[in-house]
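Notes to accompany the following structure.
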Amino acid sequence: MKLQYPAVAAVMTLLLSPAVQAKDEGLYIGASVGSASVNQSGSSPDWDDFSISGSDFAYKLFGGYQFTEVFALEGGYRDLGKSASRTASTETEGIDVVGVVGLPVGPVRVFGKLGAIYWDSSTRLLDDAVRMNNDSFDFTGGVGLEFEFLSIGIRGEIEYLDVHDDTWMYSVGATLTF
């Protein structure tokens with residue numbers, strides 16, 4: 001019982017130390033891996049109506065600049081994998097730019113992001129060689145948590161991408177601030 005109070009004091013001192021309170025300002029790079037859930041439906045003069053609903057491995061590479069402990073600007077490349085149904089499949093990738101607003105709470109930073117994505121996809125019927133290519137410039141946003149210590153961050157994110165009819169990306173990753 002006597003060790004309880006010094007242990008609590010040590011943990012509180014660590015949590016309140018400046019090294020873990022706020023994300024370092026400056027240039028940062030990062031990478032995340034996870035899963036993308038894609039829902040798409042449509043039709044084409046060459047095809048009947050089709051519907052795709054599936055998820056696959058996804059990843060993203062990103063970088064940004066942390067202007068203050070609260071605001072950053074971030075951009076990156078993401079590959080949303082290949083989603084398929086019984087009749088069709090689609091592969092999607094994109095480049096995005098987002099504003100990131102975060103609130104440091106001890107060593108954890110809660111953040112939200114809002115921006116735009118330029119995406120490109122290739123959809124094909126599984127029993128046909130016909131491909132339909134789509135690209136567009138659309139909205140993206142998300143929320144996440146990042147554990148930060150000095151220049152290193154470990155983050156988890158949930159992002160909505162206005163790609164196809166409904167696309168979500170769930171990921172974990174790391175950042176390094178210079």
Side-chain angles (χ1 to χ4, degrees), residues 11-40 52-83 90-122 134-178:
V11 169
M12 291 304 291
T13 301
L14 177 63
L15 291 177
L16 297 175
S17 73
V20 295
Q21 279 189 342
K23 183 164 181 71
D24 286 345
E25 294 176 10
L27 184 67
Y28 66 92
I29 58 171
S32 293
V33 296
S35 176
S37 171
V38 175
N39 293 305
Q40 178 185 8
I52 298 171
S53 180
S55 59
D56 194 17
F57 173 79
Y59 69 91
K60 65 180 181 171
L61 304 171
F62 57 93
Y65 193 86
Q66 186 77 34
F67 293 97
T68 68
E69 70 180 31
V70 175
F71 179 73
L73 187 60
E74 187 174 290
Y77 166 81
R78 70 181 69 224
D79 185 327
L80 299 173
K82 181 177 183 177
S83 296
T90 190
E91 296 180 50
T92 308
E93 61 186 358
I95 298 172
D96 60 33
V97 176
V98 294
V100 182
V101 176
L103 176 65
V105 182
V108 176
R109 185 168 151 259
V110 179
F111 64 90
K113 53 173 55 176
L114 190 61
I117 183 170
Y118 174 77
W119 58 272
D120 182 54
S121 73
S122 177
N134 290 321
D135 64 340
S136 186
F137 189 75
D138 287 307
F139 157 82
T140 183
V143 295
L145 291 173
E146 184 171 29
F147 175 79
E148 301 164 339
F149 184 73
L150 300 174
S151 298
I152 299 171
I154 305 296
R155 65 165 60 172
E157 297 180 74
I158 299 171
E159 298 171 281
Y160 173 78
L161 304 115
D162 191 18
V163 173
H164 302 299
D165 295 332
D166 184 32
T167 302
W168 291 85
M169 184 171 175
Y170 309 92
S171 64
V172 294
T175 62
L176 177 62
T177 303
F178 298 96

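Each residue takes its place number in the sequence, starting with 1. Worth saying up front: this structure is predicted, and the values here are computed from it rather than measured.
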OG1 on Thr177 to CG on Leu27, rounded to 0.5 Å: 8.5 Å

Any side-chain heavy atom of Lys60 sitting closer than 4.5 Å to one from Tyr77? no

In terms of side-chain geometry, is the basic nitrogen of Arg155 or Glu148 positioned less than 4.0 Å from the acidic oxygen of its partner? no

Do Val163 and Val38 have side chains that get closer than 4.5 Å, going by heavy atoms? no

The side chain to side chain contact (heavy atoms under 4.5 Å, CB included) partner of Ile117 among Asp96, Asp162, Thr167 is Asp96

Reported CG-to-CD distance for the pair Asp79 and Glu93, which is rounded to 0.5 angstrom: 6.0 Å

Which atom pair, heavy atoms only, marks the closest approach of Phe71 to Val101? CD1-CG2, 4.2 Å

Where Val98 and Ala116 come nearest, the two heavy atoms and their spacing: CG1-N, 4.5 Å

Does the side chain of Phe178 come within less than 4.5 Å of Ile29's, by heavy atoms? yes

Any idea which heavy atoms bring Gly173 and Ser32 closest together, and the distance? CA-OG, 3.5 Å

When rounded to the nearest 0.5 angstrom, what distance separates OG in Ser37 from CG in Asp166? 7.0 Å

Run the side chain to side chain contact (heavy atoms under 4.5 Å, CB included) check on Arg109 and Val100 step by step: do they pass? CA-CA 11 Å; Arg109 185 168 151 259; Val100 182; 3.6 Å; yes

Could you tell me if the side chain of Trp119 sits less than 4.5 Å from the side chain of Asp138, heavy atoms only? yes

Please state whether the rings of Phe62 and Tyr28 are parallel, tilted or perpendicular, taking 30° and 60° as the class boundaries. perpendicular

Side chains of Val33 and Phe57: does their closest heavy-atom pair fall under 4.5 Å? yes

Report the C-alpha separation of Ile158 and Trp168 in whole Å, then their side-chain angles, then the decisive distance to 0.1 Å, and conclude whether the side chain to side chain contact (heavy atoms under 4.5 Å, CB included) test is met. CA-CA 7 Å; Ile158 299 171; Trp168 291 85; 3.9 Å; yes

What one should report as the nearest heavy-atom pair of Ser121 and His164 is OG-CE1, 3.2 Å

Beyond-backbone contact of Leu80 with Met169, side-chain heavy atoms, under 4.5 angstrom: yes

Test your reading of the model: is there a side-chain donor-acceptor pair from Thr140 to the backbone of Glu159, 3.5 Å cut-off? no

Check whether any side-chain heavy atom of Leu73 sits under 4.5 Å from a side-chain heavy atom of Tyr65, and report yes or no. no

Does any non-hydrogen side-chain atom of Asp135 lie less than 4.5 Å from one of Tyr118? yes

Heavy-atom closest pair, residues Glu69 and Pro104: OE2-CG, 4.0 Å

Taking Glu157 first and then Arg78, would you say they form a salt bridge - that is, a charged N and a carboxylate O separated by under 4.0 Å? no

Distance from Ser35 atom OG to Tyr170 atom OH, nearest 0.5 Å? 8.0 Å

If we count only N and O atoms by modelled type, under 3.5 Å, do the side chains of Glu146 and Thr175 hold a donor and an acceptor together? yes

